[in-house]
Amino acid sequence: MAEEAPHLLEKREKKERRTGLPELKNAEKGKVVLRFAPNPNGPMSFGHARGIVINGEYAREWEGELILRFDDTDTVVKPPLVHAYDDIPKEAEWLLGYAPHRIVIASDQIPHYYEHAERMLRSGFGYVCQCSGEAFKVFRVDKTECPCRPNSPELNIELWGKMLDGTFKPGDAVVRVKTDMTLKNPALRDWPALRMQDTANHPHPRPGIGSKYRVWPLLDFQSAVEDHLQGVTHIIRGKDLMDSTRKQTLLYEHFGWTYPETMYWGRVKVHEWGGFSTSQMRRDIEAGLFTGWDDPRLPTLSALQKRGITAEALRAFWVELGVTQKDISVPLSSLFSHNTKQIDDEAPRLAFIRNGEQVTLSGEHPTSIEVDVHPNHPEQGKRAFDLTPPHVWLESQDLGKGSLRLKGFADLHITDRTGEIQSIDRQDNRPIVHWLSEAQSVDGTLIMAEDGELIELHGKMEQHNYPEGTMVQLERIGYGRVLSPTVILFSHS
RNA sequence: GCUCGUGUGGUGUAGCUAGGUCCAUCAUAGUGGGUUUUCAUCCCGCCGACCCGGGUUCGAAUCCCGGCACGAGCACCA
């Protein structure tokens, strides 16, 4: 028993609550290789961030490497975008806090895939199939072998040549991996590895690639071969790719390779956004429905960045969700609360008066007032309000309250547009409101993205010299990011 | 239809591999209060969950069987 089940004899250690990411199986410090493989066919979305963060954090934790791989092997259905090849690495570095260790572009690796395809054909575990997709579907359902399956390696090589030289046209032939047509899972039966694409009419957008190749690998073949070439040890991906793992494992067995450890995550939806598709976003942006990839209404990484969501908040958010296979739907407030923790301690306070009404002060009062830039950090300095012209701006909503206290200044009673100073010290529990001196006010705009709409609130804003990109807290409104001296993009409350 | 996977509070998540120490963790949301001259931050409290039914066992969130629900794959897309 001691040999067969030693754990039964041991006293089990007290369980400790796990924090952070689940443990990586079979991982060795310094020898872990992970990859994140997006298709550069559109903006990096919120969802892509999960792939970057989870893989990237594991790489960090295990002192391993992270490969950023562009799976750009479809020029017709999902044509790549040239500038994505530049944008994605930058966004990945921003999000991770380090640059991916390696960048691999599938369209640069075609010769390697050809070489493996040929090896497959010569070794007899792959064949060129001239059945139509429709026809093959019948074989797959009926668990019967297609007539091309018994082709000799010699014939396969000959047919492969016809694919390469263009004798065959797209749709005429594909290369299949020979698995077993009686496999329980229909998805695994003799799956397609490479097909032809009309790159004359649909050239690959990268210079040097263009119409160079007629035959292109499909995801399962390309990914499997590339993972092996790069020495990937762990694959973490969506559970929609579970059957891909099984297909690729079959291919690895043919080649005599060992498949990496694999983990999956489920689908994530954001309450406020619902489902979103890269292709749809790309169409909408191209149609001018949005200002660009970073339009604050979009669930793209660049939009979130522009909106002032920090990389740290995004990382904390995704790590907290972990790597479970459940399909989940999360509220944005969860991300925002992480962001608040990141920015509040630094964010200077600023007044923004929506629907401003000017009020003239009457009675004795100082000619200038100073308040803290940050209530918890006096060392950040003071904000000065000059009251020589005795005019202040208040939000019209607050005006109706009659008696109120101007934050850090005085108790006021308002009738019409006149504010009678009743006391400089606080005398009672009247509501405290934010305000702005006429002398320090400028016309400002607060841009808010709500329910898919872009709303511009025009109001009176406190003068400031904060550079673009500064995260500020608008008193009683919420956090925002400085876009220009007079424009602030609302982040969240 | 076939195949695969997942079901813990409103939302996420820990615990499940090796059953007890779990009247079930943490976070977020909600709610009540404290600090604060912001409806911010911070602090304290409360609220609220093991999909259902059997079985094994002294003991089941955890193991077994059967349901049910939800999701995904079955593309010459990724």
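Order of the sequence lines fixes the chain letters, A, B, ..., with proteins taken first and strands second; residue numbering starts at 1 for each chain.
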**OP:** For RNA chain B, determine which residues of residues 190-197 of chain A have any heavy atom closer than 4.0 angstrom to one of its atoms, and list them numerically.
**Re:** Pro192(A), Arg195(A)
Original post:
When you compare rC4(B) with rC26(B), how far apart are their C1' atoms, in angstrom units rounded to a whole number?
Top reply: 31 Å
Original post:
Taking for each residue the nucleotide of RNA chain B bearing the nearest heavy atom, is the 5' side occupied by Ile432(A) or by Arg246(A)?
Top reply: Arg246(A)
**OP:** Would you please classify the geometry between the Phe317(A) ring and the Phe46(A) ring as parallel, tilted or perpendicular, with 30° and 60° separating the classes?
**Re:** tilted
**OP:** Report the residue from Asp190(A), Asn156(A), Asn151(A) that forms a side-chain hydrogen bond (donor to acceptor under 3.5 Å, both in side chains) with Tyr127(A).
**Re:** Asp190(A)
Original post:
For rU13(B), does OP1 or OP2 lie under 4.0 Å from any side-chain N or O of Thr324(A)?
Top reply: yes
Original post:
Which pairs with one or both residues in residues 373-382 of chain A pass salt bridge (charged side-chain N to carboxylate O under 4.0 Å, His left out), sequence neighbours excluded?
Top reply: Asp372(A)-Lys382(A)
Original post:
Taking the same atom, P, in rG1(B) and in rG48(B), what whole-Å distance lies between them?
Top reply: 40 Å
**OP:** For Asn376(A), answer base if it contacts any base atom (sugar-phosphate contacts may also be present), sugar-phosphate if it contacts only those atoms, and nothing otherwise; contact means non-hydrogen atoms under 4.0 Å.
**Re:** base
**OP:** Determine: side-chain N/O of Lys326(A) to OP1/OP2 of rU13(B), distance under 4.0 Å, yes or no.
**Re:** yes
**OP:** Select base, sugar-phosphate, or nothing to describe what Ser223(A) touches, counting heavy atoms under 4.0 Å on all strands.
**Re:** nothing
Any protein N or O atoms within reach of nucleotides 28-36 of chain B? Criterion: under 3.5 Å, listing atom names and distances.
residue : atom : partner   : partner atom : Å
rU28(B) : OP1  : Lys341(A) : NZ           : 2.7

Original post:
With rounding to whole Å, what would you report as the distance between rC68(B) and rC52(B) at their C1' atoms?
Top reply: 7 Å
